[in-house]
Asker: 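Sharing a structure, written as structure tokens. Questions coming.
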Protein chains: 2
Amino acid sequence: MNRELLLLSLLRRQEMHGYQINEFLNRDLAACTDLKKPTAYFLLNKMAAQGWVAQEETREGNRPPRRVYRLTPEGETAFQDLLRENLASHAPIYFDDDIGLMALDALPADEARALLQQRRAGLAAALTEAQAAPPHGGSLQWIIQHRIHHLSSELAWVDELLGKLGQVGR
Amino acid sequence: MNRELLLLSLLRRQEMHGYQINEFLNRDLAACTDLKKPTAYFLLNKMAAQGWVAQEETREGNRPPRRVYRLTPEGETAFQDLLRENLASHAPIYFDDDIGLMALDALPADEARALLQQRRAGLAAALTEAQAAPPHGGSLQWIIQHRIHHLSSELAWVDELLGKLGQVGR
DNA sequence: TTCTGATTAGTCAACTTTGACTAATCAAGA
DNA sequence: TCTTGATTAGTCAAAGTTGACTAATCAGAA
């Protein structure tokens, strides 16, 4: 449902055509979601069938035609319902990412530590990059701050883990 | 790929039949993954076709027959490859959960805060529950500790957010 | 003038995931 | 004796997701 909410919240601010939506997803939201173009169209069509968004074909000058998507009143209601649900609940926290930790003993301790060091480096790089971006005052500011918060937390966790493994492993 | 890794790491420790696997997923791993029964069978069949796991039908006494899945040598190799990849990389961090924060201004500030308080309460309950479980020494210990770490971090984040919204909102 | 890349529209087949369902055996309670 | 719930096996249609692809217009570079 959160992907519908994302699209509805974009359209709520201003009507957009598909290319615009996908540019926004790729440019501004790439770090925050993995919603991709065919899925976006799939969901837009689904929501159009539900009456949450309306499509209108327009054309300016000789430019390629645009199909503009905008929110209907039903869409606004759905948006508010989804928003309330989204704010009130936290995502279940799954750690597919951590599954390897179930089987740490399958590798030599040295190799496992080296691999986790690689993970650490990747996290540190992502954190540096996220922090380097200029402070953002727009609608994405909370998401960006959460991302930084989370990356810091993950980095601290890997360090803690490496510390514990270091003690045990030698 | 991480779901394959999960199944392979289970089978690596001991061969298992489907019911056992799904019981383990529902009982012990429910908080860590959302891998569900039909997906598990789908992946087991796929990996069987790839030669990573072998199936064998057994029957004890009058009990219903069992189809036992076990790792092949190719499966062991695949397991190690996936494990190395898993340990060395961090999951991309997507915040479908946070999408509502893009549209906070769509609700009265008071209501938004109240909804986030609900989220906070849910996180706090999950954290209490996770911490209440007796310290776990088995293969899940790191995952459980990561879960606790993450829940604490999320709780701190929501508190920080509520603090900032409180200042702005009045 | 031709070619490349941005702008606009998607589509499609293949893959993955899931809620809901079927089917059989056996132990134990009512 | 009958019913319920655990143990064992899944299946299936429907929904969601994605990599790769097509098609048209226009501005600007070569």
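This one's a predicted model, so the numbers in the text were calculated from it and none came from an experiment.
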Asker: Is it the case that more than 12 heavy atoms not belonging to B:E111 sit under 6.0 Å from its CD atom?
Answerer: yes

Asker: Near DNA chain C, which residues from residues 12-25 of chain B have a heavy atom under 4.0 Å away?
Answerer: none

Asker: Could you tell me the separation between the CG atom of A:N26 and the P atom of D:dT18, rounded to a whole number of Å?
Answerer: 12 Å

Asker: Does A:R66 have a side-chain nitrogen or oxygen under 4.0 Å from the phosphate oxygens OP1 or OP2 of C:dT8?
Answerer: yes

Asker: Could you tell me which residues satisfy ring-ring contact (aromatic ring centres under 6.0 Å, His included) with B:Y94, sequence neighbours excluded, listed by chain and number?
Answerer: none

Asker: Quick check: are there more than 12 heavy atoms from other residues, nucleotides or ligands sitting under 6.0 Å from CD of A:Q141?
Answerer: yes

Asker: Determine the minimum heavy-atom distance between B:L155 and B:L123, stating which atoms define it.
Answerer: CD1-CB, 4.0 Å

Asker: Between atom CG in A:D34 and atom P in C:dT16, what is the gap in whole Å?
Answerer: 16 Å

Asker: Salt bridge check: are B:E56 and B:R67 linked by an N-O gap of less than 4.0 Å?
Answerer: no

Asker: Please state how far atom CE in A:M47 lies from atom P in D:dG16, giving the value in whole angstrom units.
Answerer: 11 Å

Asker: With side-chain contact (heavy atoms from CB on, under 4.5 Å) as the criterion, how do A:N86 and B:L115 come out once you've worked through the C-alpha distance, each side chain's angles and the decisive distance to 0.1 Å?
Answerer: CA-CA 9 Å; A:N86 175 274; B:L115 291 167; over 6 Å; no

Asker: Tabulate below the donor-acceptor pairs under 3.5 Å that side-chain atoms of residues 34-42 of chain A make, not counting sequence neighbours, or state none.
Answerer:
{"residue": "A:D34", "atom": "OD1", "partner": "A:R3", "partner atom": "NH2", "Å": "2.6"}
{"residue": "A:K36", "atom": "NZ", "partner": "A:D34", "partner atom": "O", "Å": "3.1"}

Asker: Taking atom P of D:dA15 as reference, at what distance in whole Å does atom CZ of B:F42 sit?
Answerer: 18 Å

Asker: Just by distance, with hydrogens left out, do A:D97 and B:N2 show a side-chain donor and acceptor under 3.5 Å apart?
Answerer: no

Asker: Between P on D:dG16 and CG on B:D96, what's the gap in Å once rounded to a whole number?
Answerer: 15 Å

Asker: Who are the ring-ring contact (aromatic ring centres under 6.0 Å, His included) partners of A:H149, not counting sequence neighbours?
Answerer: B:W157

Asker: For B:K46 and C:dT17, what is the distance between atoms NZ and C1' respectively, to the nearest whole Å?
Answerer: 12 Å

Asker: Within this structure, what is the CZ-to-P distance between B:R27 and D:dT7, rounded to whole angstrom?
Answerer: 7 Å

Asker: Roughly how many Å is it from CG in B:L44 to P in C:dT16, rounded to a whole number?
Answerer: 14 Å

Asker: Output yes when at least one side-chain N/O atom of B:Y69 is less than 4.0 Å from OP1 or OP2 of D:dG10, else no.
Answerer: yes

Asker: May I ask you to verify if any side-chain N or O of A:K36 is less than 4.0 angstrom from the OP1 or OP2 atom of D:dT18?
Answerer: yes

Asker: Quick one: does B:R119's side chain have a donor or acceptor within less than 3.5 Å of a partner on A:S89's backbone?
Answerer: yes

Asker: Distances for protein N/O vs nucleotides 20-22 of chain D N/O pairs under 3.5 angstrom?
Answerer:
none

Asker: Would you find a donor on one side and an acceptor on the other, under 3.5 Å apart, between the side chain of B:T72 and the backbone of B:G51?
Answerer: yes

Asker: Assess the side chains of B:H146 and A:E154: does a donor N or O sit below 3.5 Å from an acceptor N or O?
Answerer: yes

Asker: OP1, OP2 of D:dT18 versus side-chain N and O of A:T39: anything below 4.0 Å?
Answerer: yes

Asker: Going by number, which of residues 2-10 of chain A have a non-hydrogen atom under 4.0 Å from DNA chain D?
Answerer: A:R3

Asker: Any idea which of D:dG10, C:dT11, C:dT18 is nearest the A:Y41 side chain?
Answerer: C:dT11

